[in-house]
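Okay, so here's the structure we're looking at.
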Amino acid sequence: SVSVLDHLGVDYCIGGAVAMAAYGYVRATRDVDVFVRHTDMPRISAALRDESYVVRTKAEDLQYLAIPGWLTAAQRKAEKICLDILCPGGDPELSAVEAPEQFEWDEHEVSVMPVDLLVISKFQAFVDGQHRHGGDVQELFRCGAFEPSNVAHIIKLMRDDELGEQWKAFAELISKPAKPNRKGWT
């Protein structure tokens with residue numbers, strides 16, 4: 001899977017739940033989000049097919065699924081294990097492909113999205129209405145994976161004033177200590 005990318009020598013980074021686990025927040029997932037350059041996708045697709053993966057286009061030229069072809073249809077449906085291959089058109093994901101962090105994973109060194117870029121990517125998805133990503137950012141903060149001021153600085157360098165203002169409000173919320181109330185902790 002990811003070893004195919006290493007063998008090809010293409011730049012990539014792992015994002016999503018697998019990357020979050022590298023930074024200390026572990027949650028269940030059934031896929032590995034892999035970000036690659038669009039121009040590398042034909043070579044990647046061919047190499048994965050050579051390794052018996054079924055590669056399907058999910059969103060034209062932007063997202064592909066690579067499913068282990070050696071699993072039965074019932075196993076694939078039950079397990080839903082796949083590579084979710086994404087071709088970013090811009091930052092922060094494209095910068096992560098170009099400058100990933102290196103982590104040891106199953107006795108192999110893999111390229112992982114830097115934590116501040118992972119947080120921005122998750123936060124952008126949250127702002128775009130994918131609310132579960134806000135919880136991921138909050139949990140990464142709770143486990144001490146990032147400093148909100150570092151994320152704010154990168155957003156400022158991205159020159160996205162609107163996202164910067166939204167981040168400022170969100171960072172204040174997640175930075176407040178939890179307090180007990182009648183329903184539990186808030």
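Residues Ala66 and Ile85 come closest through the heavy atom pair CB-CD1, 4.0 Å. Closest approach of Met113 and Tyr23 over heavy atoms only: O-OH, 2.8 Å. Heavy-atom minimum distance, Leu8 versus Ile44: CD1-CA, 3.8 Å. Taking each heavy atom of Ala22 and Val112 in turn, the nearest pair found is CB-CG1, 4.4 Å. Residues Val26 and Ala21 share a closest heavy-atom pair of CG2-CB, 4.1 Å.
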Given Tyr25 and Phe141, is the ring-ring contact (aromatic ring centres under 6.0 Å, His included) satisfied, shown in steps? CA-CA 9 Å; Tyr25 169 50; Phe141 175 74; over 10 Å; no

Assess the residue pair Arg27 and Arg132 against the criterion (side-chain contact (heavy atoms from CB on, under 4.5 Å)); give the C-alpha distance rounded to whole Å, side-chain angles, the decisive distance to 0.1 Å, and a yes or no. CA-CA 12 Å; Arg27 71 160 170 78; Arg132 64 185 165 82; 4.1 Å; yes

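Legend: ring pair (Phe, Tyr, Trp, His ring centres under 6.0 Å) pairs involving residues 154-176, not counting sequence neighbours, sorted by first then second residue: Phe123-Trp167, Phe123-Phe170, Phe126-Phe170, Trp167-Phe170. Sorted by first and then second residue, the side-chain hydrogen bond (donor to acceptor under 3.5 Å, both in side chains) pairs involving residues 143-157 (not counting sequence neighbours) form an empty list. Legend: side-chain hydrogen bond (donor to acceptor under 3.5 Å, both in side chains) pairs involving residues 108-130, not counting sequence neighbours, sorted by first then second residue: Glu93-Ser121, Gln102-Ser111, Lys122-His133, Lys122-Asp136, Gln130-His133.
Put simply, the side chain of Val97 does not reach to within 4.5 Å of the side chain of Tyr12, judged on heavy atoms. The side-chain heavy atoms of Trp105 and Val2, taken from C-beta on, include a pair separated by under 4.5 Å. Side-chain contact between Pro148 and Ser175 is present, with heavy atoms from C-beta onward closer than 4.5 Å. Inter-residue side-chain proximity for Leu118 and Val137 is flagged as unmet; no heavy-atom pair is nearer than 4.5 Å. Tyr53 places none of its side-chain heavy atoms less than 4.5 Å from the side chain of Ile67.
Taking hydrophobic clusters as Ile, Leu, Val, Met, Phe, Trp and Tyr residues chained together by side-chain heavy-atom distances below 4.5 Å, Val127 shares a cluster with Ile120. When hydrophobic clusters are built by joining Ile, Leu, Val, Met, Phe, Trp and Tyr residues whose side-chain heavy atoms come closer than 4.5 Å, directly or via intermediates, Leu83 is grouped together with Phe103. Met41 and Leu62 end up in different hydrophobic clusters when Ile, Leu, Val, Met, Phe, Trp and Tyr side chains are linked at under 4.5 Å. Using a 4.5 Å cut-off between side-chain heavy atoms of Ile, Leu, Val, Met, Phe, Trp and Tyr, with links allowed through other members, Ile14 and Val10 fall into the same hydrophobic cluster.
Remark: side-chain polar atoms of Arg49 are paired, donor with acceptor, to backbone N or O of Val55 under 3.5 angstrom.
The CD1 atom of Ile155 sits 7.5 Å away from atom CG of Asp160, with the distance rounded to the nearest 0.5 Å. The CD atom of Glu98 sits 7.5 Å away from atom CG of Asp91, with the distance rounded to the nearest 0.5 Å.
Taking the side chain to side chain donor-acceptor pair (under 3.5 Å) definition, one finds that Asp40 meets it with nothing, sequence neighbours left out. Qualifying salt bridge (charged side-chain N to carboxylate O under 4.0 Å, His left out) partners for Glu139, counting only residues two or more places apart in sequence or in other chains: Arg142. Listed by chain and number, the residues in a side chain to side chain contact (heavy atoms under 4.5 Å, CB included) with Thr57 are Glu60, Tyr64 (sequence neighbours excluded).
Taking a 6.0 Å sphere around CD of Glu104, one finds it holds more than 12 heavy atoms contributed by other residues, nucleotides or ligands.
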